[in-house]
4 protein chains.
Amino acid sequence: MARNTNPSELRAAILDEARECLIAEGYLSLSMRKIARAVGCTATSIYLYFQDKDDLLHALINEGMERLHNQLLGSLDGVQDPVQRCHKLCRSYLEFALENRQYYEVMFLLHPAHMKRYPKELYRRARRNLDLFADALAAVKGRPGSEEKEDLRSAHVIWAQIHGAVSLHHSQRLDVNIDVLGFMDAVVDNAVGHLLCKQDEAS
Amino acid sequence: MARNTNPSELRAAILDEARECLIAEGYLSLSMRKIARAVGCTATSIYLYFQDKDDLLHALINEGMERLHNQLLGSLDGVQDPVQRCHKLCRSYLEFALENRQYYEVMFLLHPAHMKRYPKELYRRARRNLDLFADALAAVKGRPGSEEKEDLRSAHVIWAQIHGAVSLHHSQRLDVNIDVLGFMDAVVDNAVGHLLCKQDEAS
Amino acid sequence: MARNTNPSELRAAILDEARECLIAEGYLSLSMRKIARAVGCTATSIYLYFQDKDDLLHALINEGMERLHNQLLGSLDGVQDPVQRCHKLCRSYLEFALENRQYYEVMFLLHPAHMKRYPKELYRRARRNLDLFADALAAVKGRPGSEEKEDLRSAHVIWAQIHGAVSLHHSQRLDVNIDVLGFMDAVVDNAVGHLLCKQDEAS
Amino acid sequence: MARNTNPSELRAAILDEARECLIAEGYLSLSMRKIARAVGCTATSIYLYFQDKDDLLHALINEGMERLHNQLLGSLDGVQDPVQRCHKLCRSYLEFALENRQYYEVMFLLHPAHMKRYPKELYRRARRNLDLFADALAAVKGRPGSEEKEDLRSAHVIWAQIHGAVSLHHSQRLDVNIDVLGFMDAVVDNAVGHLLCKQDEAS
DNA sequence: CATGAATGAGCTTTCATTCAT
DNA sequence: CATGAATGAAAGCTCATTCAT
């Protein structure tokens, strides 16, 4: 495992293990040494591929964003109805968040003070996930891409709704009397349902 | 500053500084030594007032919950209309969250794995804040206190919406093109508006 | 428990608790704070009765020496035969050692570097325990008190034999295949038996 | 001294200093920091060579056991007479103990509660030292290796005798009027002499 | 006689990072 | 491309002790 033929294989291995560590033990226990031990190389070697811990984290986040993007795209496969598409996106995002807790936390929750600023070019790619939501919303309203600002804001509102539910769940702030699955259903309904409601009003 | 005239002044000062440290660097870098340095006492002294780090955090959370409760209660003063009351609660909660990021993070974001279990009796007091929302919702539906479970869930949905918005903002995940205040308005509208919408349907 | 009527009751209580702590958790965990907590007074109060931790330890050792002395004396009650008396002393010492492990360690094992020099006047009292052995040995040889040096040395030899057995047992260095009780019997036999053996030779 | 030419020099230096610290202040005050300071490296560096404090202690014990073993073996060189061999072993052990108090304490006095369990494979090597005694005793009785249990016990009795003398000396519990060398002679005589005495009886 | 407040030094251990090779 | 050695800072916490009251 230690000696790889392909030179960039090690980089991949490091990312893999870092992800595993992250998912298994959380950000707090994510240490260069542990990753190195798991990969089978020295801690120093990691610095050959990543400037520092933050750089590694950024790569990790980026990877997560790609995965999320693919999952979101996949969820839209063959779905035509605009409202349905919104629904699918929410569901898909929710699933990703619930299945990748620690990952999700680094991606969307980690306090900026603990990380260097996320680089612009990476951010641009990450933004595509939000755009999926915005586009879907625009489609619902029948005007593809126009009035971007409003769609972007609406996307943020929906995002906030789901993100809030996820993060309350992750940090175990939900009351014990709440049935989690039912709650999540209600959350998605509220996020998307409101849209229709608003639309009905408009029409 | 070391020797305070008032005996419990130091305790208050520690709590204050702990809050400051939290806002400045987040939970992960909250250290007893840093707090002590900021306060102007030794780390050991902190242990005179708090059993350990977790105890200090619990005190912080509790303090925040009390403040929030008072603020929420205050916001309802003289407001009769049930829907208006919901609106007020949301606004008030939002204001608190935005103005007290330092508190807010420990109160609602800090992962339990990083902290001893929050003591039951403190939790019971904290729960009152959620109850305010649930009660207001019940009032909207015209059936005071009945169907508690559904009201509790609805309260959670609203809470998730606002909490999500706040936490995205705090962790600086909101797109730069988003006008924060406008976004927050939209969030509250969505949280409460949906209620009405649903009610209209029902009627 | 905290407020005693008799002023010197507290001193006694401190010693009692210190002994308990010592027996229960060993020297390493013996802390002024713990003792104070157990007694129900503040750590500061201990300093009213004992100059410092070493002073307290000395008092503790002294107490132990007195107890041992009484136990040794008691064991001789009604026993006339000189050799029997030697035997009884050994047995009695052994019992004390086995039943008061942590106590015993402080009395006879604690590294001098961890304690101020044991005060002369206390030492003199402690010496009486050895004297009991030396006197008994002298009696065996039929010459009461004469040739003190040789008797003192012999007493030390016997003492070393038993102390060695006890201390190997306490620090769990005895092989698992050794039956402890049988071993201790053999040890006492060896300590005393040799005496007789030597005497037989002499006669 | 920080950067050593020979890579494993530091490891040796650490062990050396640890031993020195032990003799100077005893186990209780043995601290990684102190060792590091004495060696001239940082405390962190110690962790490059030893997993933790216990690991360091185990290494120290092991080293001591090996040395003792070699010394015991050496003392038997060319000695044929069984009783003489017993005598030599005792003398040799005694010399080791007196000349290596630093080792000796960790090896035979340190309470297990203060240390991780001594690893089995190391213990097996350490046991060889006791076996030397047991074998020598069996030889005296003319039955090589048989009746192991009894020989093992006798070995323990002798061991206890010498160990007791040594440990009283180390912890400075011997009376000032005792001539140490003479005392030690008497101790060895007692340990071995008794054997012969017993044997004479038997014959 | 007794306390409450405070200190400073100490502990073991982990961390991200660097540098010479 | 990769390593082994080393560092300095920091963490949470406990300790014996002092001092003013």
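Note on naming: letters A, B, ... go to the chains in the order of the sequence lines (proteins, then strands), and numbering restarts at 1 for each one.
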Practice prompt. Quick one, give me the B/S/- string for nucleotides 11-18 of chain F, reading 5' to 3', where B means a protein heavy atom under 4.0 Å from the base and S means that only happens at the primed atoms, P, OP1 or OP2.
Written response: BBBBBBBB
Separation of atom [atom1] in [X] from atom [atom2] in [N], rounded to whole Å:
X	N	atom1	atom2	value
D:Arg11	F:dG4	CZ	P	16 Å
A:Lys116	E:dA16	NZ	C1'	12 Å
D:Leu56	E:dT12	CG	P	10 Å
D:Ile46	F:dT7	CD1	C1'	13 Å
D:Phe50	F:dA5	CZ	C1'	15 Å

Worksheet item: Hey, where does DNA chain E pair up into stems, meaning at least three consecutive Watson-Crick or G-U pairs with distances under 3.5 Å?
Response: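 Stems (3+ consecutive pairs) listed as E:2-21 with F:2-21.
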Worksheet item: Considering residues, nucleotides and ligands other than D:Gln51, do more than 12 of their heavy atoms fall under 6.0 Å from its CD?
Response: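 No, because the 6.0 Å sphere around CD of D:Gln51 holds 12 heavy atoms or fewer from other groups.
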Discussion item. Do the side chains of A:Glu105 and A:Arg101 get close enough for a salt bridge, i.e. N-O under 4.0 angstrom?
Written reply: yes
Worksheet item: At their closest point, which heavy atom of D:Tyr123 faces which heavy atom of D:Tyr118, and how far apart are they?
Response: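 The answer is N-CE2, 3.6 Å.
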Fill in: Flag side-chain contact, heavy atom, 4.5 Å: A:Ile61 against A:Met115
yes
Fill in: Heavy-atom donor-acceptor pair, D:His170 side chain to C:Leu109 backbone, under 3.5 Å
no
Worksheet item: Is the distance from OP1 or OP2 of E:dA2 to the nearest side-chain N or O of C:Ser45 less than 4.0 Å?
Response: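 It does not, given that no N or O in the side chain of C:Ser45 lies less than 4.0 Å from OP1 or OP2 of E:dA2.
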Practice prompt. Establish, for the pair B:Lys116 and B:Phe50, whether the NZ or CZ atom is under 6.0 angstrom from the six-membered ring centre and no further than 45 degrees off its axis.
Written response: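 Verdict for B:Phe50: no cation-pi partner in B:Lys116.
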Worksheet item: Just one of D:Arg11, D:Arg19, D:Arg125 clears the salt bridge (charged side-chain N to carboxylate O under 4.0 Å, His left out) bar with D:Glu63, so which one?
Response: D:Arg19
Contacts under 3.5 angstrom, residues 30-37 of chain A side chains, donor-acceptor by atom type, not counting sequence neighbours:
| from | atom 1 | to | atom 2 | distance (Å) |
| --- | --- | --- | --- | --- |
| A:Ser31 | OG | A:Arg33 | N | 3.4 |
| A:Ser31 | OG | A:Lys34 | N | 3.1 |
| A:Lys34 | NZ | A:Ser29 | O | 3.3 |

